[in-house]
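Below, chains carry the letters A, B, ... as their sequence lines are ordered, and counting in each starts from 1.
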2 protein chains.
Amino acid sequence: MSARALPYRPHNHDACVNQALAEAKAICQQQNARLTPTRERVLELVWQSHKPLGAYDVLAKLTSEGHNAAPPTVYRALDFLQQYGLVHRIASLNAFTGCTHAGKHHTGMFLICRACGNALELTDTSVSTAIYNAAGAEAFCTETVTLEVTGLCPSCQTEQHHE
Amino acid sequence: MSARALPYRPHNHDACVNQALAEAKAICQQQNARLTPTRERVLELVWQSHKPLGAYDVLAKLTSEGHNAAPPTVYRALDFLQQYGLVHRIASLNAFTGCTHAGKHHTGMFLICRACGNALELTDTSVSTAIYNAAGAEAFCTETVTLEVTGLCPSCQTEQHHE
DNA sequence: CTGCGAATGTTATAATGTTACAAATTTTGC
DNA sequence: GCAAAATTTGTAACATTATAACATTCGCAG
Ligand SMILES: [Zn+2]
Ligand SMILES: [Zn+2]
Ligand SMILES: [Zn+2]
Ligand SMILES: [Zn+2]
C-alpha cells in the first residue's frame, strides 16, 4: 500500500518496525512457522535501525537484556529469519538487515552508504532481468543473486563539502 | 583480442595463467608498483584454478612450498593485488579470484557454480547501466558494485539427472 | 656506505561463524 | 491427559577469516 519510508529520511521508525513485525507474524502463521520470542526479538533488533547489524551486535544486545544467549542462539534465529525471507544477509558487511519486501518474491538490491551506514533495499525489474539475461547468455542457471552497491546516499553527498 | 576461455570448458590453463601474469607485470610496471616475488606467487596461486581460493588456502600452498608465510603475508599480497585490479574478492565466498579484465575499467559480475565451484567473471553493460540507473533513481552515488550470482553452470546442469 | 621508505617477518589477537551434544519445550498420536 | 516424537534452545568448545602491532629486512637514492 504505502511506500516504505527511505532509511536516510527521517520517518516514524517505530511504525516501520511495527509494520515489519506484523508482516512477519502473518507470514509465519501462513507458513506454519514458529516465530518464537527469541526469533521475534532478534528480528526486532535487526529492524532497530536501517544500518545492517552484525550477528555479534545482536548477541551483545540480547546479552545486555539479560537473555542467556550464545552465538548459536543468534545464528539460528537469523537462519530462520532468512529462510522465511524476513531478513537478508549483506555479504560485503557480514551483517544482517530486515527485508523490506517480505512475502513478495524479489531480488534484493542494496544501496549501502559508506558514510552513514544505512542500507536501502530496492527491487528493480530491469536490473534483475538484465542479470538473469546476462547469466542466461552464458547458459548459466541463476539461483541466487547477491547485489550490493556501496557509495554515498543523498544525505551524505551534501555533507561532503565539509571536508 | 581472443576471448578468454570459459572456466568450465577445458582449455589450456597454463596459457591462461601466463597471460594473466604477463598482463599483471605490464600493469604494475606502468603504474610503478612493485610486483614482488611473494605478490606474484600469490597471484599465480589464485590463478591456479577458476575456483575462488580462500586466503588460508593460499597460505597453505605457500607454506607447503617452504615459504615462511603467515596470514598477514597473504592478506597484504591480496590487498596489493586488489588495489591494482588484479584479483577480486568474492564476498559471498570469502575468497579471491583472478580478474579476467585486468587493466580495463569494469564492473565484475560473477557467475559462481554451486556444484563445481568455478567462477566466471562477466562484464555486461546493460547490467551495469541498469544498476547505475536504479541507484541514481534514488539519488544514490554508486562507488562499488558487488554482484555475485550463484547457480549451476552449463556443465553441472547436465549432470543433475544423476540424482 | 648510509639513511629512508617500502616490504616482509613474527606474534598475538579480534571478529565471524560452526559443530556437537544435552536439556527443555512444543506438538502429535492415542 | 499422557507418552513418544519432533522442534527448539542451552552450552561448551572449536573452526575460519581477518587484523593489529612491532621488529626486521630489503631496495634504492644520495
Ligand atoms: Zn528483501
Ligand atoms: Zn548516508
Ligand atoms: Zn575483474
Ligand atoms: Zn559447474
Side-chain angles (χ1 to χ4, degrees), chain A residues 24-25 28-29 31-46 51-84 86-97 112 117 146 148, chain B residues 24-25 28-29 31-46 51-84 86-97 112 117 146 148:
Chain A
K25 276 175 199 162
C28 288
Q29 200 149 33
Q31 315 222 358
N32 257 315
R34 295 170 52 196
L35 189 62
T36 63
T38 302
R39 289 167 176 174
E40 185 174 355
R41 185 68 190 125
V42 168
L43 180 59
E44 195 175 358
L45 286 172
V46 166
K51 303 186 211 301
L53 208 60
Y56 278 75
D57 296 328
V58 174
L59 177 58
K61 295 202 182 194
L62 283 179
T63 304
S64 79
E65 291 174 354
H67 189 299
N68 199 350
T73 310
V74 175
Y75 282 101
R76 285 195 283 231
L78 290 170
D79 284 350
F80 171 88
L81 295 169
Q82 278 187 268
Q83 199 176 327
Y84 288 92
L86 303 173
V87 305
H88 291 285
R89 179 168 193 275
I90 309 293
S92 60
L93 298 177
N94 293 336
F96 300 82
T97 194
I112 304 161
T146 299
E148 297 163 12
Chain B
K25 276 175 199 162
C28 287
Q29 201 149 34
Q31 315 222 359
N32 257 313
R34 295 172 51 197
L35 189 62
T36 62
T38 303
R39 290 167 175 172
E40 186 175 353
R41 186 67 189 124
V42 168
L43 181 59
E44 195 175 357
L45 287 171
V46 167
K51 303 187 212 301
L53 207 60
Y56 279 75
D57 297 327
V58 174
L59 178 57
K61 296 203 181 191
L62 283 179
T63 304
S64 79
E65 293 173 354
H67 188 301
N68 198 350
T73 310
V74 175
Y75 282 102
R76 286 195 282 231
L78 289 170
D79 284 349
F80 171 89
L81 296 170
Q82 277 187 269
Q83 198 176 328
Y84 287 92
L86 303 173
V87 306
H88 291 286
R89 178 169 193 276
I90 308 294
S92 60
L93 299 176
N94 293 335
F96 300 83
T97 193
I112 304 161
T146 299
E148 297 164 12

> So which atom in Val87(B) and which in Leu78(B) form the shortest heavy-atom distance, rounded to 0.1 Å?
CG2-O, 4.1 Å
> To 10°, what angle do the rotation axes through the five end pairs on each side of the helix from dC1(C)-dG30(D) to dC30(C)-dG1(D) form?
30°
> Tell me whether Gln29(A) at atom CD has more than 12 heavy atoms from other residues, nucleotides or ligands lying less than 6.0 Å away.
no
> What heavy-atom pair brings Pro52(A) and Gly117(A) nearest, and what distance separates the two atoms?
CD-O, 3.4 Å
> Report yes if the side chains of Arg39(B) and Thr36(B) come closer than 4.5 Å at any heavy-atom pair, otherwise no.
yes
> What is the separation between atom CG on Asn32(A) and atom C1' on dA6(D), rounded to the nearest whole Å?
14 Å
> Residues in salt bridge (charged side-chain N to carboxylate O under 4.0 Å, His left out) with Arg41(B), at least two apart?
Glu44(B), Glu65(B)
> Rounded at 0.5 Å granularity, tell me how far CD in Glu40(A) sits from CG in Leu81(A).
10.0 Å
> State which residues pass side chain to side chain donor-acceptor pair (under 3.5 Å) with Ser92(A); sequence neighbours excluded, sorted by chain then number.
Glu148(A)
> At a heavy-atom distance below 4.0 Å, which nucleotide of DNA chain C is the first touched by chain A, and which is the last?
dT16(C) to dT26(C)
> I need the Leu43(B) CG to Phe80(B) CZ distance, nearest 0.5 Å.
9.5 Å
> Nearest-Å distance, CG (Leu59(A)) to C1' (dT11(D))?
13 Å
> What residue pairs, at least two apart or across chains, pass salt bridge (charged side-chain N to carboxylate O under 4.0 Å, His left out) with a residue in residues 55-64 of chain A?
none
> What's the separation between atom CG in Asn68(B) and atom CG in Leu62(B), rounded to the nearest 0.5 Å?
10.5 Å
> Take nucleotides 17-30 of chain D nucleotide by nucleotide from the 5' end and write B, S or -, depending on whether a protein heavy atom sits under 4.0 Å from the base, only from the sugar-phosphate, or from neither.
BBBB------S---
> To the nearest angstrom, how far is Leu53(B) atom CG from dT16(D) atom C1'?
14 Å
